[in-house]
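Since the structure is predicted, the reported quantities are computational estimates derived from the model, not experimental observations. Chain letters run A, B, ... following the sequence lines, proteins first, then strands; residues in each count from 1.
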Amino acid sequence: MMDAAPRVRFAPSPTGYLHVGGARTALYNWLFARKTGGAFILRIEDTDAERSSEAHTQIILDGLRWLGLDWDEGPVFQGASGERHRQDAERLLAEGKAYRCFCTREELEAQRKAAGGDIYKYDGRCDRLSAAEVAARVARGAPSVIRFRMPQEEIAWDDAVHGRIAFHGRDLDDMVILRSDRTPIYNMAVVSDDIAMRISHVIRGDDHISNTPKQIALYQALGAPPPVFAHVPMILGTDGKKLSKRHGATAVGDYQDLGILPAAMRNFLALLGWSPGEDREIMTETEMIALFSLEAIQKKPAVFDMVKLEWMNGEYLSRIPTPELVAPVARELERMQVHVGGTHLLPPYIDAVKSRARTIVEMAERVAVRLDSRHVKLDDKGRKLRAKMGDGFVESLKVALEILGAIDEQGWTAEAILEQLKARAEAGGMKLGDLLQPIRVAITGSTVSEPVNELLEVVGRSSSLARLT
RNA sequence: GGCCCCAUCGUCUAACGGUCAGGACACCACUCUUUCAAGGUGGUAAUACGGGUUCGAUUCCCGUUGGGGUCACCA
């Protein structure tokens with residue numbers, strides 16, 4: 001019999017935003033599913049009612065959609081399967097693979113203290129209670145949790161990215177699987193769900209490696225074959241520490257706000273810990289899927305390099321046809337409260353700044369300057385040039401105004417403008433740059449822009465003259 | 001601290017025992033040029049350390065060092 005199609009899941013808990021690490025885990029799951037013709041399932045782990053929220057669920061869904069990661073099933077809410085989790089835990093109890101523990105939090109805390117320090121493994125005292133004693137306490141209505149009796153043997157698996165990883169049961173705790181309020185603990189819920197959903201490959205972050213032996217023990221106790229596990233490395237900040245708020249943007253939404261294109265983000269994330277070989281970097285979605293494999297995933301953590309992300313975004317920006325850029329740029333301009341007067345007017349402006357901007361936000365800022373003089377701000381470079389040129393700066397502007405003022409509305413083209421300015425510069429014995437730079441600064445506030453003649457054409461005659469004046 | 005994972009340029013990575021250790025970002029120089037960006041050309045820069053195995057180790061084994069993860073009635 002042929003192996004059934006793989007089934008993978010991305011299972012975030014809705015207790016915060018969609019972290020880039022989570023996003024990359026989702027991406028790898030998605031790539032694997034698309035590559036193998038399997039199913040990509042979204043499961044929301046909301047068993048912690050305290051910290052979970054609908055708003056966070058929505059943000060996660062939006063983030064995945066933004067990245068173009070479509071799921072085949074779900075979202076399945078883990079909280080809805082509480083009854084099955086409970087039954088599985090109680091089945092383990094009935095079969096003698098788990099036991100009731102009556103220790104209160106306070107008692108546990110005392111045991112921990114007595115053991116010295118914060119490293120503590122439950123000593124199994126409740127496992128030594130007689131059946132009669134347990135029955136009596138239950139009859140008395142004493143609250144209890146269910147603890148799993150960890151097998152005292154080697155627990156190992158062949159990880160798809162790491163190779164063989166082995167733990168020993170003696171180092172693992174008799175973990176709680178069902179709370180005293182009869183709700184399941186994480187590991188129980190996950191295993192119960194992954195079995196029920198027939199998950200074949202669990203692709204998740206390295207931080208779950210230590211959970212894996214516990215879960216494998218649960219699979220074995222429940223008589224279900226464990227899936228293939230693939231643990232992907234963490235993403236770190238530039239200081240080599242786990243990526244967190246103080247490194248700047250960590251949520252997918254942050255990058256959206258920064259003006260990163262979803263395709264660029266996806267490409268960049270894919271390469272953080274995975275390489276298709278052959279020096280490939282910029283890839284289409286189709287190529288990425290074709291080239292993807294779990295075995296090629298890196299074992300060591302990767303540092304998130306914002307500079308390279310921006311470079312890659314710039315690459316995507318310059319390749320995307322202008323019409324596709326209109327909507328995102330318009331959205332950004334709207335946020336900046338710049339009046340556009342119709343998105344159909346945008347393309348020439350976008351063309352003008354396209355090859356120079358690395359993000360949508362940067363692009364919108366440049367467009368804004370060309371559209372609306374209120375966005376012109378003299379920056380450091382502009383200031384410096386002005387100071388350097390002194391009176392010559394104003395002089396140049398006067399000359400420019402004179403020449404440009406002589407060009408009428410019909411003749412206002414980049415070619416004609418350049419021709420006139422060039423002729424004048426030559427005649428006056430001045431360098432073209434000395435004439436053009438002040439114009440550039442007057443129009444944009446900066447020494448950086450597209451060629452001045454093109455700039456003037458895009459900004460238009462009346463607006464250009466007004467700004468020069 | 002116990003257990004587990006990891007280790008090639010500053011960063012992302014390639015090289016499944018034999019390469020001048022390759023590419024990309026960043027950086028530097030030159031070039032192009034009306035500025036900037038882009039482009040083109042060239043350059044600086046890495047196998048953590050110590051032992052093995054082998055004719056030969058980035059590659060396999062052991063140790064050291066360093067980094068990371070995890071040790072809840074959280075997920």
Side-chain angles (χ1 to χ4, degrees), chain A residues 11-16 45-48 50-52 78 101 103-105 108-109 112 117-122 143-147 159 161-162 165-168 170-173 175-187 189-190 205-213 231 233-234 236 238 240-242 268 271-282 295 298-312 314-315 318 353-358 381 385 418 421-422 425 431-437 439-441 444 446-455:
Chain A
S13 54
T15 54
E45 315 231 308
D46 58 348
T47 53
D48 183 356
E50 290 285 306
R51 297 195 297 150
S52 298
Q78 189 163 56
C101 173
C103 296
T104 63
R105 286 170 195 269
L108 253 18
E109 192 52 43
R112 196 161 293 154
D118 48 12
I119 311 113
Y120 173 73
K121 211 156 77 64
Y122 184 64
S144 66
V145 301
I146 296 180
R147 276 186 194 275
D159 196 277
V161 341
H162 290 276
I165 299 181
F167 282 76
H168 195 102
R170 79 172 86 87
D171 299 315
L172 273 19
D173 210 3
M175 60 187 173
V176 172
I177 54 177
L178 199 71
R179 298 188 184 97
S180 51
D181 67 359
R182 301 184 30 91
T183 58
I185 231 63
Y186 174 72
N187 281 311
V190 166
D206 264 356
D207 49 343
H208 282 287
I209 288 181
S210 57
N211 277 325
T212 304
H231 290 94
M234 308 269 81
L236 310 177
T238 43
K241 304 272 184 231
K242 195 171 171 179
F268 176 74
L271 258 20
L272 218 49
W274 170 71
S275 161
E278 294 178 6
D279 301 330
R280 294 298 305 277
E281 291 216 301
I282 306 277
E295 290 68 30
Q298 199 78 14
K299 293 188 184 74
K300 67 164 180 178
V303 174
F304 192 97
D305 183 0
M306 188 65 196
V307 175
K308 186 152 185 177
L309 204 210
E310 287 187 344
W311 164 78
M312 186 167 282
E315 290 294 302
S318 61
V353 303
K354 200 165 133 173
S355 68
R356 258 157 284 264
R358 290 197 149 191
K381 287 177 181 169
L385 181 82
L418 181 61
L421 290 172
K422 240 179 188 162
K431 283 202 300 189
L432 191 52
D434 288 338
L435 182 55
L436 298 185
Q437 276 301 65
I439 299 177
R440 193 192 312 278
V441 172
T444 68
S446 174
T447 61
V448 178
S449 85
E450 63 270 37
V452 167
N453 57 324
E454 293 174 27
L455 173 69

Expressed as a whole number of Å, how far does the [atom1] atom of [N] sit from that of [M]?
N: U70(B); M: U11(B); atom1: P; result: 22 Å
N: A46(B); M: A26(B); atom1: C1'; result: 15 Å
N: A15(B); M: G22(B); atom1: P; result: 14 Å
N: C60(B); M: C5(B); atom1: P; result: 15 Å
N: A45(B); M: U65(B); atom1: P; result: 31 Å
N: C25(B); M: A38(B); atom1: C1'; result: 16 Å

Residues in side chain to side chain contact (heavy atoms under 4.5 Å, CB included) contact with Ser318(A), at least two apart in sequence or another chain:
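For Ser318(A), no residue satisfies side chain to side chain contact (heavy atoms under 4.5 Å, CB included) once neighbours in sequence are set aside.
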Please report, rounded to the nearest Å, how far the [atom2] atom of [N] is from the [atom1] atom of [X].
X: Phe268(A); N: A26(B); atom1: CZ; atom2: P; value: 12 Å
X: Ile185(A); N: C74(B); atom1: CD1; atom2: P; value: 4 Å
X: Lys299(A); N: G68(B); atom1: NZ; atom2: P; value: 20 Å
X: Ile177(A); N: A75(B); atom1: CD1; atom2: P; value: 13 Å
X: Arg51(A); N: C74(B); atom1: CZ; atom2: P; value: 10 Å
X: Glu310(A); N: A38(B); atom1: CD; atom2: P; value: 13 Å
X: Asp207(A); N: U70(B); atom1: CG; atom2: P; value: 6 Å
X: Trp311(A); N: C27(B); atom1: CH2; atom2: P; value: 13 Å

Give a yes/no answer on whether the side chain of [X] brings an N or O atom under 4.0 Å of OP1 or OP2 in [N].
X: Arg358(A); N: A26(B); result: yes
X: Arg112(A); N: C71(B); result: no
X: His231(A); N: C5(B); result: no

Identify, between Gly277(A) and Asp206(A), the residue whose nearest nucleotide on RNA chain B lies closer to the 5' end.
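Its nearest nucleotide being more 5', the pick is Gly277(A).
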First encountered from the 5' end of RNA chain B, between Thr47(A) and Asp171(A):
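Result of the comparison: Asp171(A).
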For the side chain of Ser180(A) and the base of C73(B), is some donor closer than 3.5 Å to an acceptor across the two?
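Counting by modelled atom types and ignoring angles, a donor-acceptor contact under 3.5 Å is found here.
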How is [X] classified with respect to the nucleic acid when contacts are heavy atoms under 4.0 Å: base, sugar-phosphate, or nothing?
X: Ala11(A); value: nothing
X: Asn211(A); value: base
X: Leu309(A); value: nothing
X: Tyr186(A); value: base

Tell me the partner of [N], counting only Watson-Crick (N1-N3 plus N6-O4 or O6-N4) or G-U wobble (N1-O2 and O6-N3) with both under 3.5 Å; none if nothing fits.
N: A29(B); value: U41(B)
N: G50(B); value: C62(B)
N: U70(B); value: G2(B)

If the condition is salt bridge (charged side-chain N to carboxylate O under 4.0 Å, His left out), which residues does [X] pass it with, not counting sequence neighbours?
X: Arg182(A); answer: Glu90(A)
X: Glu45(A); answer: Arg43(A)
X: Lys354(A); answer: none

Taking atom types as modelled, find out whether His168(A) and Asp171(A) have a side-chain donor-acceptor pair closer than 3.5 angstrom.
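Result is no, nothing qualifies.
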Is the backbone N or O of His231(A) less than 3.5 Å from a side-chain atom of Asp159(A), with the two atoms forming a donor-acceptor pair by type?
yes
Where the side chain of Arg147(A) meets the backbone of Met175(A), is there a donor-acceptor pair that is under 3.5 Å apart?
no
Quick test: give all pairs of protein nitrogen or oxygen and nucleotides 9-13 of chain B nitrogen or oxygen below 3.5 Å, distance rounded to 0.1 Å.
from   : atom 1 : to        : atom 2 : distance (Å)
C12(B) : OP1    : Val303(A) : N      : 2.8
C12(B) : O2'    : Leu271(A) : O      : 3.0
U13(B) : OP1    : Gly273(A) : N      : 2.5

Separation between CG of Asp206(A) and NZ of Lys299(A), rounded to the nearest 0.5 Å
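Between atom CG of Asp206(A) and atom NZ of Lys299(A) there are 11.0 Å.
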Select one nucleotide: of A75(B), G22(B), U34(B), the one nearest the side-chain heavy atoms of Asp279(A).
G22(B)
Side chain of Arg356(A) only, heavy atoms from C-beta on: which candidate in C36(B), U35(B), C73(B) is closest?
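Nearest to the side-chain atoms of Arg356(A), counting from C-beta on, is C36(B).
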With Phe268(A), which residues qualify under ring-ring contact (aromatic ring centres under 6.0 Å, His included), at least two apart?
Phe304(A)
